[in-house]
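Naming convention: chains lettered A, B, ... in sequence-line order (proteins, then strands); numbering from 1 in each chain. Owing to the predicted nature of the structure, the values given are computational and were not obtained by experimental measurement.
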Number of protein chains: 2
Amino acid sequence: MNTGVAPKLSTLDVVQLEPSVPAQQAADDGDRSNTLADRVLQDVLDRIAGGEFEPGSVINEVDLARRLAVSRGPVREAMRRLEGRKLIARNPFTRARVVSLGHAEIREIFEMREGLEGMATRLACAHMSDESLCALIGAVESAGQTPSAFDLHRHIAENCGNGRIRDLLCDELYYLLRMYRRQSGDAPGRRAEASEEHWQIASAMNQRNGPLAESLMRAHIRRATEHLVAIEAASRS
Amino acid sequence: MNTGVAPKLSTLDVVQLEPSVPAQQAADDGDRSNTLADRVLQDVLDRIAGGEFEPGSVINEVDLARRLAVSRGPVREAMRRLEGRKLIARNPFTRARVVSLGHAEIREIFEMREGLEGMATRLACAHMSDESLCALIGAVESAGQTPSAFDLHRHIAENCGNGRIRDLLCDELYYLLRMYRRQSGDAPGRRAEASEEHWQIASAMNQRNGPLAESLMRAHIRRATEHLVAIEAASRS
DNA sequence: CCGGCGAAAAGTGTCAACATTTAATTGCAT
DNA sequence: ATGCAATTAAATGTTGACACTTTTCGCCGG
């Protein structure tokens with residue numbers, strides 16, 4: 001049900017937006033949201049991440065506005081910001097749809113990751129603090145029992161010292177990947193190999209060997225890509 | 001005058017938005033703009049690219065609305081899309097400003113380019129059509145007299161076969177670089193070396209040698225980065 | 001029974017007025 | 001004259017109503 005609409009709901013089913021802080025400590029947990037449009041944006045982002053708005057589904061402005069008990073103005077502004085982020089696609093007068101990711105788009109995202117995360121890994125080797133690096137090593141060594149409590153890729157992106165790369169990876173690409181994984185169930189694991197490759201990358205980073213770490217990271221992502229296209233070919237037979 | 005406001009203009013100074021096509025062949029020259037917000041967006045983009053809105057200057061919604069003879073709604077929606085693209089920054093109730101690029105941001109952009117354009121070059125070696133490659137070779141060989149009529153970087157990005165990388169490079173990063181060049185005059189040339197490096201890259205691409213072309217492109221961008229930080233250090237003394 | 005045609009419904013785009021917040025200015029006390 | 005506080009001005013945020021477009025549903029003819 002990829003082309004369906006978002007779940008229709010009655011007028012009475014109104015959810016309460018978390019109340020705005022009284023304009024004092026907006027930097028509470030990172031979501032500075034004093035305006036309604038900001039809160040609508042955050043809400044839609046959460047719904048997309050949470051799987052409530054499936055990829056390809058239609059987002060209805062008036063329904064969303066009713067649901068959030070706000071006017072259509074803030075809703076429209078939030079949608080325009082999502083549009084600028086390329087998370088929803090729209091044609092002038094037709095409904096806006098959550099972007100749906102096909103195999104081609106996923107391949108593009110993985111190619112982008114190969115270039116960006118390779119560079120991020122190299123930069124992290126030079127910029128990352130010793131404490132952060134130790135935390136990374138420890139977390140990678142004890143991987144397996146805590147599968148998603150610590151994400152090597154995200155940690156590298158967040159500490160690479162390049163805010164633009166960090167934002168692009170964490171706020172957009174990883175977001176899209178989560179959408180895709182939710183959309184087309186978790187692929188059959190490659191976790192053992194991935195863990196081994198993660199350990200190699202962390203080891204190279206521990207030596208502050210930027211070029212080697214970059215090369216390993218790129219190979220790691222390329223193998224994941226090949227694994228993905230293999231899955232895709234198998235599912236198409 | 002980096003912190004100034006955008007040029008104030010009287011109420012009577014109204015410019016005419018180019019009239020919308022009658023909803024038939026909107027794909028005329030790539031600017032599908034049937035809604036007012038779309039035209040406002042395109043107008044602001046042109047003004048930023050044209051240097052009328054300097055980096056760091058504030059954009060006044062009501063002035064802009066008056067100037068374009070539209071209401072504030074479309075203006076706000078265009079601004080939100082620009083905000084999603086990270087071309088303007090805003091805090092909840094304060095004026096929105098065109099992003100201003102310091103040396104740190106430029107360095108980040110060049111690091112991003114190194115990763116992305118390297119990958120784009122490798123992909124282009126595999127995906128680019130023979131005709132497109134011939135056009136590239138010919139244009140690079142006859143460089144010098146037609147300095148900006150043909151841009152190697154843009155041509156590679158547009159033909160790399162990865163729409164996401166293409167959009168990010170052409171619609172965002174190159175845009176920001178143009179802003180920066182306009183902001184802090186053209187750096188003292190490195191055109192001879194750049195031309196030579198361009199020729200090497202094109203030669204590797206002509207052999208469809210992806211890894212070599214990628215390596216050359218990355219080295220090319222890294223040299224440009226080092227040149228830029230040298231300029232910066234000199235100007236700071 | 002099916003396909004084109006037309007009207008009603010739904011949805012998006014635009015506008016002008018109102019509320020709220022920030023910035024600027026004025027006035028006053030020191 | 002300078003610095004601080006209250007007031008005024010300006011800009012942004014929000015709302016409901018209206019205009020335009022698309023889609024849908026019903027109708028008629030074949």
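- Taking atom CG on Leu36(B) and atom C1' on dA19(D), their separation rounds to 12 Å, with Å as the unit.
- Axis orientation changes by 0° from one end of the helix from dC1(C)-dG30(D) to dT30(C)-dA1(D) to the other, with each end axis drawn from 5 pairs and the value rounded to 10°.
- Salt bridge annotation for Arg67(B)-Asp63(B): absent, with no cationic side-chain nitrogen under 4.0 angstrom from a carboxylate oxygen.
- Not a single salt bridge (Lys or Arg N to Asp or Glu O under 4.0 Å) links Glu226(A) to another residue, sequence neighbours left out.
- Closest approach of Arg182(B) and Ala49(B) over heavy atoms only: NH2-O, 3.1 Å.
- Taking atom CZ on Arg95(A) and atom C1' on dG13(C), their separation rounds to 15 Å, with Å as the unit.
- Atom CZ of Arg72(A) and atom P of dA10(C) are 14 Å apart (whole Å).
- The side-chain hydrogen bond (donor to acceptor under 3.5 Å, both in side chains) pairs that include a residue from residues 164-177 of chain A are Glu117(A)-Tyr174(A), where partners are two or more places apart or lie in different chains.
- Taking atom CG of Asn60(B) as the reference point, atom C1' of dT12(D) lies 10 Å away to the nearest angstrom.
- Atom pair Asp63(B):CG and dT12(D):C1' shows a separation of 13 Å (rounding to whole Å applied).
- Regarding Leu64(B), its CG atom lies at a distance of 14 Å from the C1' atom of dT12(D), rounded to whole Å.
- Against DNA chain C, the stretch residues 75-94 of chain A makes heavy-atom approaches under 4.0 Å through Arg76(A), Arg80(A), Arg90(A), Pro92(A), Phe93(A), Thr94(A).
- Counting only heavy atoms from C-beta on, Val62(A) has its side chain closest to dG11(C) among dG13(C), dG11(C), dC15(C).
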Report the C-alpha separation of Leu173(B) and Leu116(B) in whole Å, then their side-chain angles, then the decisive distance to 0.1 Å, and conclude whether the side chain to side chain contact (heavy atoms under 4.5 Å, CB included) test is met. CA-CA 10 Å; Leu173(B) 297 192; Leu116(B) 283 175; 4.3 Å; yes
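- Computed from coordinates, the Leu68(B) CG to dT14(C) C1' distance equals 14 Å when rounded to whole Å.
- Residues satisfying the salt bridge (Lys or Arg N to Asp or Glu O under 4.0 Å) criterion with Arg90(A), sequence neighbours excluded, are Glu83(A), Asp38(B).
- Among the heavy atoms of the strands, none lies under 4.0 Å from Ala96(B).
- Thr35(B) has a side-chain polar atom (N or O) that falls below the 4.0 Å cut-off from OP1 or OP2 of dT14(C).
- Of the charged side-chain nitrogens involved, at least one lies within less than 4.0 Å of a carboxylate oxygen, so that Arg47(B) and Asp43(B) count as a salt-bridged pair.
- For Glu108(B), there are no salt bridge (Lys or Arg N to Asp or Glu O under 4.0 Å) partners at least two apart in sequence or on another chain.
- Which of dC15(C), dT12(D), dT14(D) sits closest to the side chain of Ala37(A) comes down to dT14(D).
- Whole-Å rounding puts the Arg97(A) CZ to dG11(C) P distance at 14 Å.
- Using a 4.0 Å cut-off between a side-chain N of Lys or Arg and a carboxylate O of Asp or Glu, Arg81(B) and Glu77(B) do not qualify as a salt bridge.
- Among the heavy atoms of the strands, none lies under 4.0 Å from Gly73(B).
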